[in-house]
Protein chains: 2
Amino acid sequence: MTVTARQVPIHPPGPSGSPSAANLLVMTSSHRYLEMAEELESELQHVPVGSRVPSEHALASRFGVSRPTARAALQELERRLLVHRVQGRGTFRRGRLDYVISPAWPPSFSETLRRAGGVPGVRLISVAVRRAVEQECRQLALPAASAVWSVERVFTVNGEVAAYATSVLPYRALPGLDVALTGEPSLATALRRRYGIAVQRLRYRISLASPPQVIADHLTVDRTPTWLAESVNRTSHGTPIESARTYMRADVLNISFEMEERTP
Amino acid sequence: MTVTARQVPIHPPGPSGSPSAANLLVMTSSHRYLEMAEELESELQHVPVGSRVPSEHALASRFGVSRPTARAALQELERRLLVHRVQGRGTFRRGRLDYVISPAWPPSFSETLRRAGGVPGVRLISVAVRRAVEQECRQLALPAASAVWSVERVFTVNGEVAAYATSVLPYRALPGLDVALTGEPSLATALRRRYGIAVQRLRYRISLASPPQVIADHLTVDRTPTWLAESVNRTSHGTPIESARTYMRADVLNISFEMEERTP
DNA sequence: CAGTGGTCTAGACCACGGG
DNA sequence: CCGTGGTCTAGACCACTGG
């Protein structure tokens with residue numbers, strides 16, 4: 001059985017207009033900016049990441065439309081995650097990195113990014129001690145209201161902000177974590193070097209969410225949806241050691257989440 | 001909820017404005033549509049899903065802005081997945097369903113949706129037999145160029161199109177699948193009733209992608225990014241039985257992907 | 001300083017849905 | 001039929017980046 005190739009009725013059959021050409025013009029003229037987007041998208045296929053894309057003004061005159069229309073076309077390409085726009089600088093070809101999460105690989109942002117061919121960076125925003133809330137105690141298998149480290153970090157890839165994470169770790173088990181982190185902002189590395197702990201994934205849950213304003217500011221984006229990963233990591237002995245919430249820009253990273261093969 | 005309320009500042013703050021007040025106006029007036037979006041977002045928190053949201057025209061007069069500006073505010077809310085707009089009908093509050101994928105649960109779209117509190121529907125688009133490409137043979141553990149069923153389906157939730165899937169299954173193992181599916185569009189149910197096969201997840205990979213135009217048409221959306229799930233299911237004996245590619249609307253479903261707990 | 005994108009106006013016509 | 005959202009124009013001013 002085939003797909004039937006449903007006959008689509010002609011669109012607005014203009015008043016006795018000339019046959020096909022007229023129909024084509026009518027159809028197209030009401031979606032001019034989408035046509036432009038299609039045309040530009042196909043041209044962009046062969047353009048290297050980071051290249052400059054013509055300006056709104058240039059496109060307006062090339063396609064013979066007003067600037068708002070040319071702008072709409074570029075915004076459409078931005079929604080499709082194909083380009084990246086910066087006020088005062090221009091529009092540029094964008095490429096996303098494939099960030100693969102798998103139970104088989106260690107839970108390090110930097111490691112995962114390097115694997116994807118990116119140059120990772122970490123910036124420590126804050127380290128603080130506070131009492132854990134109920135959910136955090138449950139996830140880390142701690143007594144109620146235990147003291148925990150709260151670590152706030154921003155991650156970059158190829159110089160661009162890509163993610164924001166808040167991690168919560170048990171305080172007693174990790175004395176001097178604040179000092180350890182100021183010299184070595186990679187949490188996985190700090191845990192290994194300072195405490196001999198090799199972290200592994202325990203739980204991971206990912207979804208798509210519109211970030212709160214505060215976090216959107218850290219990510220230097222508007223509040224369009226981003227990845228939200230909620231994770232718990234453990235030591236090689238099975239003890240939960242870190243609970244994290246990570247927001248990741250969907251226009252920079254294409255998260256690809258792989259499920260472990262079940263042993264049959 | 002009444003309209004107006006909020007005293008809206010006078011618009012064009014003419015030259016020689018008053019000092020600090022003027023500064024405030026300048027700051028705000030350059031992000032008027034975002035201010036509107038913030039205000040509307042907070043109002044929308046308490047609005048039930050499906051409710052009508054004021055029209056562009058109404059908002060323009062309420063906030064004292066032009067229609068394009070009011071429109072920009074509503075589009076911002078749409079990007080944040082808070083509202084849903086239909087030409088000729090209006091703007092409505094949107095709610096996403098939490099679609100949870102976990103190795104522990106059976107790989108049935110309908111089942112998963114019911115679990116999330118939605119009313120699922122399936123529409124069969126096509127069933128066909130063809131030769132498998134190399135990758136499909138590998139995933140299904142079949143000899144090269146084996147015959148396979150290719151099944152195309154569209155899924156709805158609460159009457160709205162939510163997903164589009166193409167499944168590939170071995171032909172020899174499933175005689176008469178086309179007939180079985182015309183009466184029972186749920187693949188999991190058909191496999192169980194007709195062949196006594198209980199499918200389970202084997203592999204699952206999820207990411208975010210801009211769908212091809214053909215699939216965007218099936219989903220009745222523009223080409224904004226959607227979820228793309230690539231999955232392989234197996235029988236209870238471990239034999240791969242289905243390989244699928246599923247596009248799911250991110251504005252309808254919030255996919256939440258859970259990793260199995262590793263046995264320590 | 002020129003060029004870029006970001007915002008905004010005040011209109012216009014169209015396609016669509018429902019009464 | 002009217003009201004909705006979808007598209008478009010031809011301008012305007014602003015904020016930001018870079019040389």
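Nothing here was measured: the structure is a model prediction, and the numbers come from that model.
- Legend: residues meeting salt bridge (Lys or Arg N to Asp or Glu O under 4.0 Å) with B:R71, ordered by chain and number and at least two apart, are B:E56.
- In this structure, the CD atom of B:E35 is 12 Å from the P atom of C:dT7, given to the nearest Å.
- Taking a 4.0 Å limit (strictly below) on heavy-atom distances, residues 54-67 of chain A reaches DNA chain D at A:V65, A:S66, A:R67.
- For B:R130, the salt bridge (Lys or Arg N to Asp or Glu O under 4.0 Å) partners at least two apart in sequence or on another chain are B:E136.
- Between A:R71 and the phosphate of C:dG5, there is no side-chain N or O to OP1/OP2 separation shorter than 4.0 Å.
- Protein atom CG of A:D222 is 10 Å distant from nucleotide atom P of C:dG6, rounded to whole Å.
- Computed from coordinates, the B:L34 CG to C:dT7 C1' distance equals 10 Å when rounded to whole Å.
- Heavy-atom distances under 4.0 Å link DNA chain C to A:R85, A:V86, A:Q87, A:G88, A:G90, A:T91 of residues 85-93 of chain A, given in residue order.
- When the C1' atom of C:dG6 is taken as reference, atom NE2 of A:H84 falls 15 Å away, rounded to whole Å.
- The CZ atom of B:R32 sits 24 Å away from the P atom of D:dA12 (whole-angstrom rounding).
- One can place CD of A:E76 at 16 Å from C1' of D:dC8, the figure rounded to the nearest angstrom.
- If you check C:dC8, C:dG11, C:dG6 against the side chain of B:Y33, the one that comes closest is C:dC8.
- Aromatic ring centres of B:F257 and A:Y204 lie farther apart than the 6.0 Å criterion allows.
- For B:F109, the ring-ring contact (aromatic ring centres under 6.0 Å, His included) criterion is met by B:Y99, B:F155, not counting sequence neighbours.
- Scanning for ring-ring contact (aromatic ring centres under 6.0 Å, His included) contacts around B:H84 gives an empty result, with sequence neighbours left out.
- Shown here are the salt bridge (Lys or Arg N to Asp or Glu O under 4.0 Å) partners of A:R123, two or more places apart in sequence or in another chain: there are none.
- With sequence neighbours left out, the side chain to side chain donor-acceptor pair (under 3.5 Å) criterion links B:R245 to B:E230, B:Y247.
- Looking only at distances, no side-chain donor or acceptor of B:R114 sits under 3.5 Å from a matching main-chain atom of B:V119.
- Residues that satisfy the ring-ring contact (aromatic ring centres under 6.0 Å, His included) test with B:Y164, not counting sequence neighbours, are B:H218.
- Between A:Q75 atom CD and C:dG6 atom C1' the separation is 9 Å, expressed in whole Å.
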